[in-house]
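Worth knowing before you read on, the calculation uses all heavy atoms, side chains too, and leaves out hydrogens, waters and symmetry mates. Below, chain A is the first sequence line, B the second, and so on; all start at residue 1.
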Amino acid sequence: MRLATWNVNSVRARHERLLAWLAAHQPDVLCLQELKVADPSFPLDELRAAGYEAAIHGQKTYNGVAILSRTPLGEVERGLADDVDDPQARLISARVQGLRVISAYVPNGAVVGSEKWAYKLAWLQRLRRHLERRFARTEPLLLCGDFNVAPEDRDVANPAAWAGSVLTHAEARVALAELLSFGLVDAFRLKRPEPGLYSWWDYRMLGFPKNDGLRIDHVFTTPTLAGRVSAASIDRNERKGKQPSDHAPVIVELTD
DNA sequence: ATGGTTGCTTAGCAA
């Protein structure tokens, strides 16, 4: 089974690229983030024609997440289901081929110390509680998405330049580590421990031409599935050419 | 040279 996660930065702007990428890479499951459309504007028909069912949690202008699958999606759940009144569409989960797949778009956090920063840290805590309430570490779970956190300095091309940013700050890394302490492992790093692998490059400052990248998009899995991870990669090519997303797809292969 | 990009929506926000 091939599973991927990709922050497309507007499914409308990335429509052609999305269909071309699906055709070229044939993932069984694709988690999407930053749809930036409400549900009725999601290109369901074209994706069905391409062979994919979709579970959507859309939002106009900002956020929005989805899970695409070649096989049927069941038990779809949207949001963190806690007592916080939160209109931001950042989480969706579904059952696919006996697995529980989650597509998450963690808040960026803007600037350390800002209100958005506090929301980011709180959101990661809320996700941890959601996992505890809703799932067991003994079940086959795949938590995928844009986490807006580079877990370690080896995930950052230029750690000195990014020191103290919302993507690398110690508090964000601790919050991510606490999320993973639910009982999740970094599926990508199981197979790809080497440095120099990134999933996001800022549109500004010649980020991609200079390869000033960070690995902030992840696939985390419960230990029951870790042994089935057979390969992992990042499709850096998708960041090239005309009108790319600022994120590249992260791909994980699981043995059946 | 203290900027630089993109997307959504249409001046300003978010990333």
Side-chain angles (χ1 to χ4, degrees), chain A residues 5-21 31-43 46 56-66 79 84 86-92 103-124 127 144-151 155-169 171-173 175-176 198-218 234-250:
Chain A
T5 183
W6 186 17
N7 178 325
V8 288
N9 186 19
S10 167
V11 75
R12 202 180 290 134
R14 229 60 63 200
H15 185 95
E16 295 300 319
R17 272 188 179 257
L18 173 59
L19 289 170
W21 196 84
C31 294
L32 296 172
Q33 301 86 37
E34 278 211 87
L35 305 177
K36 296 189 174 181
V37 292
D39 288 8
S41 301
F42 190 85
E46 289 95 327
I56 314 157
H57 187 26
Q59 183 181 336
K60 183 177 152 75
T61 310
Y62 303 118
N63 310 312
V65 287
V84 178
D86 187 347
Q88 301 193 33
R90 294 181 175 275
L91 195 83
I92 189 169
S103 179
Y105 176 42
V106 176
N108 170 282
V111 175
V112 172
S114 65
E115 270 185 37
K116 289 192 175 72
W117 171 248
Y119 174 67
K120 175 183 194 169
L121 298 178
W123 199 92
L124 283 162
L127 177 54
C144 315
D146 174 4
F147 289 79
N148 270 312
V149 181
D155 301 309
V156 185
N158 189 348
W162 287 90
S165 85
V166 292
L167 305 179
T168 64
H169 194 281
E171 281 186 66
R173 287 175 169 174
L176 182 66
Y198 313 117
S199 67
W200 173 83
W201 300 259
D202 202 320
Y203 285 129
R204 298 164 291 185
M205 303 289 290
L206 301 171
F208 191 67
K210 287 155 66 176
N211 196 26
D212 183 13
L214 293 89
R215 195 178 67 96
I216 60 175
D217 300 88
H218 306 294
I234 297 176
D235 182 20
R236 197 176 184 283
N237 276 333
E238 179 53 41
R239 184 63 175 77
K240 299 176 182 174
K242 247 187 104 176
Q243 292 184 296
S245 167
D246 43 354
H247 296 252
V250 178

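Atom name C1', nucleotides B:dA11 and B:dT6: the rounded distance is 16 Å, in whole Å. Rounded to a whole angstrom, the distance from the C1' atom of B:dT9 to that of B:dC13 is 10 Å. B:dT10 and B:dA14 have their P atoms separated by 14 Å, given to the nearest Å. Taking the C1' atoms as reference points, B:dG4 lies 15 Å from B:dA15, given to the whole Å.
Rounded to an integer number of Å, the gap from A:N63 CG to B:dA14 P is 11 Å. One can place CG of A:N9 at 11 Å from P of B:dT6, the figure rounded to the nearest angstrom. The OH atom of A:Y62 sits 18 Å away from the P atom of B:dT6 (whole-angstrom rounding). Counting to the nearest Å, the P atom of B:dG7 and the OH atom of A:Y105 are 14 Å from each other. Here B:dA15 presents its C1' atom at 10 Å from CG of A:D146, a figure rounded to the nearest Å. Whole-Å rounding puts the A:E115 CD to B:dA15 C1' distance at 17 Å. If you take CZ of A:R12 and C1' of B:dT9, they are 10 Å apart, rounded to a whole angstrom. Between the CH2 atom of A:W117 and the P atom of B:dA15 there is a distance of 14 Å, rounded to whole Å.
Side-chain atoms of A:S103 come within 3.5 Å of backbone atoms of A:L32 as a donor-acceptor pair (strictly under, hydrogens ignored). Side chain of A:R173 to main chain of A:A150: a donor-acceptor pair is present (N/O by atom type, distance under 3.5 Å, no hydrogens or angles).
In terms of phosphate contacts, A:T61 brings no side-chain nitrogen or oxygen within less than 4.0 Å of OP1 or OP2 of B:dC13. Between B:dA15 and A:K116, no contact under 4.0 Å exists linking OP1 or OP2 to a side-chain N or O. The side chain of A:R14 contributes an N or O atom lying less than 4.0 Å from OP1 or OP2 of B:dG7.
For the side chain to side chain contact (heavy atoms under 4.5 Å, CB included) test, residues two or more places apart in sequence or in another chain that qualify with A:Q88 are A:Q59, A:N63, A:D86, A:R90, A:Y119. For A:R215, the salt bridge (Lys or Arg N to Asp or Glu O under 4.0 Å) partners are A:D155, A:D186, not counting sequence neighbours.
Side-chain contact check for A:K120 and A:N108: no donor-acceptor pair (N or O, by modelled atom type) lies under 3.5 Å. For the residue pair A:D235 / A:W21, a side-chain donor-acceptor distance below 3.5 Å is found, with atom types taken as modelled.
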Any N/O pairs under 3.5 Å between the protein and nucleotides 2-5 of chain B? List them or say none.
| from | atom 1 | to | atom 2 | distance (Å) |
| --- | --- | --- | --- | --- |
| B:dT5 | O4' | A:Y203 | O | 3.3 |

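Tested against A:H247 for a side chain to side chain contact (heavy atoms under 4.5 Å, CB included), the candidates A:I234, A:N7, A:T5, A:V8 yield a single pass: A:N7.
Residues A:L35 and A:N108 both approach DNA chain B. Their nearest nucleotides, taken by heavy-atom distance, put A:L35 toward the 5′ side.
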